[in-house]
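Here's the structure we're looking at; comments come further down.
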Amino acid sequence: MQVSKEKIREYNQYLLKEHQRKFQFISSGLKNAEDILKKLIEFQVAIPSWALGSGGTRFGRFSIGGEPRNLEEKIEDIGLLHALNRASGAISLHIPWDIPSNASDIKSLAAQNNLRFDAMNSNTFQDQPDQRLSYKYGSMQHVDKEVRKQAIEHNIDVIKYGMELGSSSLTVWLSDGSNFPGQLNFRKAFQNTLESLKEVYAALPEGWKMFVEYKAFEPNFYSMTVGDWGQSLLYANKLGNKAFTLVDLGHHLPNTNIEQIVSLLLMEKKLGGFHFNDSKYGDDDLTVGSIRPYQLFLIFNELIEGMDARGMNHASDLAWMIDASHNVKDPLEDLLQSVEAIMIAYAQALLVDRKKLSELQNVNDVVAAQEILQSAFRTDVRPLVVEARLRNKGAIDPLSVYRNEKVREQLIKERGSKIVATGL
Ligand code: LRH
Ligand code: MN
């Protein structure tokens with residue numbers, strides 16, 4: 001289902017005056033409004049192909065209806081999101097959930113929807129029906145060389161799909177680990193995993209990157225073989241300069257200072273990208289910014305500080321991806337909210353007077369330094385985010401257009417109410 005530019009312009013008419021009043025108010029108080037707008041317009045977030053249907057937990061899954069039945073419909077749904085917010089211009093595929101039936105058709109359909117392919121994701125955390133060897137006791141860590149070989153070959157296949165689609169990076173998240181003391185030799189598990197990753201790394205085409213995603217627990221609950229940023233950095237350093245760490249916000253132990261991790265990984269030139277979501281307890285995969293918006297702002301604050309210190313391009317030098325699961329919300333509404341939260345946190349962090357902050361840090365003026373950050377976080381930057389979207393031919397209020405156009409109802413009519421999309 002599509003929402004045309006004309007339709008979006010019509011909806012914007014009603015909200016334009018009020019937006020211009022608010023935009024005038026905030027931009028008149030800013031020296032760098034145009035620079036911030038330019039950065040917001042360029043900033044694109046990749047949408048996970050596995051999060052376009054209703055998610056679930058082991059306790060249950062509640063269908064929303066109208067879920068995409070194939071990769072083509074997933075691309076259309078993301079195309080719709082992008083038409084509304086003009087900040088969702090990329091799709092991150094998960095193999096084998098999204099094997100492209102015909103890569104060139106899929107590539108042109110994505111282009112028609114102004115979408116590019118971001119990182120490809122491999123899957124050695126499930127056994128596929130036609131799979132020879134099981135990943136029950138892990139994949140790249142496995143004591144059996146044949147199982148490791150199977151996992152390596154799968155990742156190389158994923159790279160091939162990505163090359164056909166124009167992707168240029170591979171995310172490797174390994175569910176490998178152990179549930180009980182004594183089950184695993186940690187050192188051998190690390191070395192098996194490193195040897196396996198080296199074979200995948202060797203298969204990376206020119207210009208490709210590998211992202212090593214870490215996770216503290218689940219589905220293993222005693223040890224994870226890529227369990228934290230330190231272990232991921234160890235792998236990335238031992239693999240080479242095409243390998244980087246990937247920070248999924250939900251993959252940390254409670255109260256972890258993620259913004260400090262981000263700052264140090266950037267300093268080490270080993271931060272590859274993000275899986276944005278939010279959580280209160282574990283890997284809850286909730287809407288971005290819905291639980292800890294200040295943490296999200298602090299992460300963007302460190303990102304801008306670190307990226308500007310190295311002259312990096314905010315929009316293209318790191319991989320910006322969402323990784324969420326929608327148990328009670330309409331997946332498309334949830335993703336619209338998540339992209340909005342990311343743009344707001346980025347805009348707030350762009351307000352920070354870094355020169356002043358550094359001067360105050362150099363004289364240990366703790367109160368004034370904190371006030372610099374909190375006044376940026378307490379600034380309503382939504383008119384800046386809306387103006388960037390408007391200049392990008394998007395909707396002033398994507399969620400209300402989505403609802404007024406009765407998109408979900410239409411999708412249910414078109415696709416039925418019982419469809420279960422591939423993914424989590
Ligand atoms: C693991 C993870 C990983 C994906 C999966 C869908 O928790 O974050 O990034 O492969 O979710
Ligand atoms: Mn993830």
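Whatever order the structure lists them in is the order used to number ligands and atoms, beginning at 1. Sequential numbering from 1 along the given sequence is applied to the chain's residues. Everything numeric here is computed off the predicted structure, so don't read it as measured data.
- For the residue pair Ser178 and Ser223, a side-chain donor N or O sits within less than 3.5 Å of a side-chain acceptor on the partner.
- Looking at Thr57 and Asn327, their side chains never bring a donor and an acceptor atom within 3.5 Å of each other.
- Interface atoms of ligand 1 facing Asp283, defined by a heavy-atom separation under 4.0 Å, are 7 (O).
- The shortest heavy-atom distance from Asp323 to ligand 1 is under 4.0 Å.
- Between His314 and Tyr346, the ring-plane angle classifies as perpendicular under the 30° and 60° cut-offs.
- Taking distance alone, with nitrogen or oxygen atoms compared against 3.5 Å, Asn121 stays at or beyond that limit from ligand 1.
- Put simply, the angle at the Mn ion (ligand 2) from OD2 in Asp248 to ND1 in His275 is close to 110°, to the nearest 10°.
- Ring geometry, Phe125 versus Trp97: the interplanar angle exceeds 60°, so the pair is classed perpendicular (tilted spans 30 to 60°).
- Below 30°, between 30° and 60°, or above 60°: for Phe217 and Phe221 the angle between ring planes is between 30° and 60°, a tilted geometry.
- Where the criterion is an N or O separation shorter than 3.5 Å, residue side chain and backbone included, Lys215 meets it with respect to ligand 1.
- The environment of CZ in Arg403 is sparse: at most 12 heavy-atom neighbours from other residues, nucleotides or ligands sit within 6.0 Å.
- When each atom of ligand 1 is checked for a heavy atom of His275 under 4.0 Å away, the hits are 9 (O).
- A side chain to side chain donor-acceptor pair (under 3.5 Å) with Gln141 is found for one member of Asn192, Thr225, Thr193, Asn185 and no other, namely Thr225.
- Residue His94 places a heavy atom less than 4.0 Å from ligand 1.
- Atoms of ligand 1 found under 4.0 Å from any heavy atom of Asp248, numbered from 1 in the order shown, are 8 (O).
- Classification of the Tyr137-His142 ring pair by plane angle, with boundaries at 30° and 60°, yields perpendicular.
- The atom of Glu213 nearest to the Mn ion (ligand 2) is OE2, with the search restricted to N, O or S atoms.
- Among the backbone and side-chain atoms of His251, no N/O/S atom is found under 2.8 Å from the Mn ion (ligand 2).
- Proximity to Trp50 (heavy-atom distance under 4.0 Å) selects the following atoms of ligand 1: 6 (C).
- Using modelled atom types, one finds a donor on one side chain and an acceptor on the other under 3.5 Å when comparing Thr287 with Asp334.
- Looking only at N/O/S atoms, Asp323 comes nearest to the Mn ion (ligand 2) through OD2.
- Contact annotation for Glu213 and ligand 1: only side-chain heavy atoms (C-beta onward) come within less than 4.0 Å of the ligand.
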